[in-house]
Structures are given as structure tokens and as C-alpha cells.
Chemist: 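This is the structure, below, for whatever I ask next.
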Amino acid sequence: SAIKGETGEIIFETDEGVPLMSAYGPVVIGDTTYGLVITVNHNMILADASSLTKTISALVVGIILVVGVVSGMMGREIVKPIVWVSRRMDRMADERDLTKRMMVVERNDEMGVAARGFDRLFTFIADSMKKFRSGMDELTVSARELETSAQSLANNADIQSSAVEELSSSVEQTASQ
């Protein structure tokens with residue numbers, strides 16, 4: 001077949017049961033065409049491929065493990081400050097104490113910026129609450145003063161009413177005489 005210009009491969013076994021693989025094809029040297037057949041032990045070919053497959057599989061598993069461990073460590077480092085800020089805010093909310101602060105001065109990453117932002121927000125809210133309480137205290141004092149003035153005005157009105165009644169009585173007595 002190789003002399004006719006055909007190429008191909010064939011796998012067969014020897015009488016001893018050894019699998020062989022033969023590849024054949026034409027080879028032209030000058031004006032003459034020769035048939036070239038190469039026969040190799042099939043297990044030897046597969047042994048190299050099998051060894052390469054095992055090596056690649058081991059490398060892939062190793063890389064996956066390394067990436068998994070590194071990702072886990074990085075994830076933990078990313079999540080740890082988020083959990084800390086969340087717990088700190090929960091504690092501040094449970095205690096209802098606006099004077100508490102995050103106290104994350106040493107962090108210059110996003111979590112430090114966020115914590116300082118929360119601290120500024122809590123300071124603003126605490127200051128607003130103080131101003132509100134102060135305004136309420138002033139309003140209470142003004143309301144008491146207004147109540148006192150209204151009571152005094154009512155008392156004066158009663159006194160004037162009594163005086164008018166006496167004057168009216170006196171005028172009637174004088175007129176009837």
C-alpha cells in the first residue's frame with residue numbers, strides 16, 4: 001500500500017500478544033518510490049502519553065490547591081475587617097450610645113475610610129441630638145414662662161373683674177340714693 005502512495009496506521013498484536021503500531025507511507029527518492037513502514041511497541045507510545053497526562057493532572061491539581069489556599073487567605077483578610085465593623089456597629093446600636101467610635105485610625109484601606117466615615121456620621125448625629133435637646137430645654141423654659149405669664153394675666157383679669165363689679169355696685173348705690 002505504501003508503494004502505491006497510500007498512508008495509514010495499523011495496530012496489531014504479535015503471536016506473543018505484544019501490541020504493535022505500524023505507520024506507513026510512500027517515500028520518493030529520485031525516480032523510485034519506496035514504501036516506508038515504522039513499527040513501534042504500542043505500550044511504549046501510550047506510556048509516554050500516559051505519563052504526560054498524569055504529570056499534567058498533578059500540576060493542575062497542585063495549582064488548584066495553591067489558588068484555593070491563597071484565595072481563602074485573601075478572602076479571610078478581606079472579610080475580617082468587614083465583620084469587625086459590622087459587629088462594632090451592632091454593639092453601638094445595642095448600647096444606644098452615640099459617643100462610641102469605631103477607632104480604626106491605623107487602617108488606610110477602604111475599611112478604614114468607611115469606619116472613619118461612620119465615626120463622622122455618628123458625631124454629626126450626636127451633635128444634632130445635643131442641639132435638639134438644647135432647643136427642647138429652651139422651649140420648655142419658654143413654655144413655663146408663657147404659662148406663668150398667662151396665669152398672671154388671668155389673675156389680673158380676675159382682680160380687674162372684681163374691681164369693675166365693685167365699681168358698678170358703687171355706681172348703682174350712688175344712683176339709687
Side-chain angles (χ1 to χ4, degrees), residues 9 11 19 21 42-177:
E9 57 197 48
I11 298 175
M21 178 177 194
H42 190 258
N43 291 335
M44 289 175 58
I45 294 172
L46 292 180
D48 289 342
S50 177
S51 174
L52 184 60
T53 301
K54 288 177 184 176
T55 302
I56 290 173
S57 297
L59 281 172
V60 167
V61 168
I63 289 171
I64 289 172
L65 288 174
V66 168
V67 167
V69 168
V70 169
S71 296
M73 290 169 53
M74 288 177 60
R76 189 171 299 131
E77 288 302 311
I78 291 170
V79 170
K80 194 185 311 181
I82 295 171
V83 169
W84 184 86
V85 167
S86 174
R87 287 184 181 152
R88 184 77 176 154
M89 289 180 69
D90 282 343
R91 193 173 327 131
M92 290 167 69
D94 290 344
E95 294 173 5
R96 290 177 174 76
D97 186 358
L98 293 176
T99 62
K100 300 268 181 171
R101 295 295 175 260
M102 292 285 176
M103 296 187 264
V104 186
V105 181
E106 70 280 354
R107 291 189 72 105
N108 290 322
D109 60 359
E110 293 83 2
M111 289 312 301
V113 170
R116 284 188 292 278
F118 282 123
D119 283 348
R120 284 193 311 274
L121 175 64
F122 290 136
T123 299
F124 171 77
I125 292 171
D127 290 346
S128 296
M129 293 297 290
K130 285 177 188 175
K131 289 176 184 174
F132 178 76
R133 284 187 190 121
S134 176
M136 289 299 293
D137 290 344
E138 288 177 19
L139 188 59
T140 301
V141 169
S142 296
R144 286 185 183 143
E145 288 174 0
L146 189 58
E147 180 184 13
T148 303
S149 296
Q151 187 65 40
S152 177
L153 188 60
N155 290 341
N156 288 339
D158 285 344
I159 292 171
Q160 284 181 356
S161 176
S162 295
V164 168
E165 281 182 29
E166 280 183 40
L167 184 62
S168 174
S169 250
S170 294
V171 169
E172 280 181 21
Q173 281 181 354
T174 307
S176 67
Q177 294 181 0

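As the structure is a computational prediction, the values presented were derived from the model and not from experiment.
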Chemist: For the pair Ser86 (side chain) and Ile82 (backbone), establish whether a donor and an acceptor sit closer than 3.5 Å, ignoring hydrogens and angles.
Modeler: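 Checked: no pair found.
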Chemist: Under 3.5 Å, which donor-acceptor pairs link side chains of residues 51-78 to any protein atom two or more places apart or in another chain?
Modeler:
unit_1	atom_1	unit_2	atom_2	d
Thr53	OG1	Ala49	O	2.8
Thr55	OG1	Ser51	O	2.9
Ser57	OG	Thr53	O	2.9
Ser71	OG	Val67	O	2.8
Glu77	OE2	Lys80	NZ	3.4

Chemist: Can any side-chain N or O of Ser161 pair as donor or acceptor with the backbone N or O of Ala157 at less than 3.5 Å?
Modeler: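 No: the side chain of Ser161 does not pair with the backbone of Ala157.
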Chemist: So how far is it from Phe118 CZ to Leu121 CG, rounded to the nearest 0.5 Å?
Modeler: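 Output value for this atom pair is 7.5 Å.
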Chemist: Please set out all donor-acceptor pairs under 3.5 angstrom arising from side-chain atoms of residues 129-150, sequence neighbours excluded.
Modeler:
unit_1	atom_1	unit_2	atom_2	d
Thr140	OG1	Met136	O	2.8
Ser142	OG	Glu138	O	3.1
Thr148	OG1	Arg144	O	2.9
Ser149	OG	Glu145	O	3.1

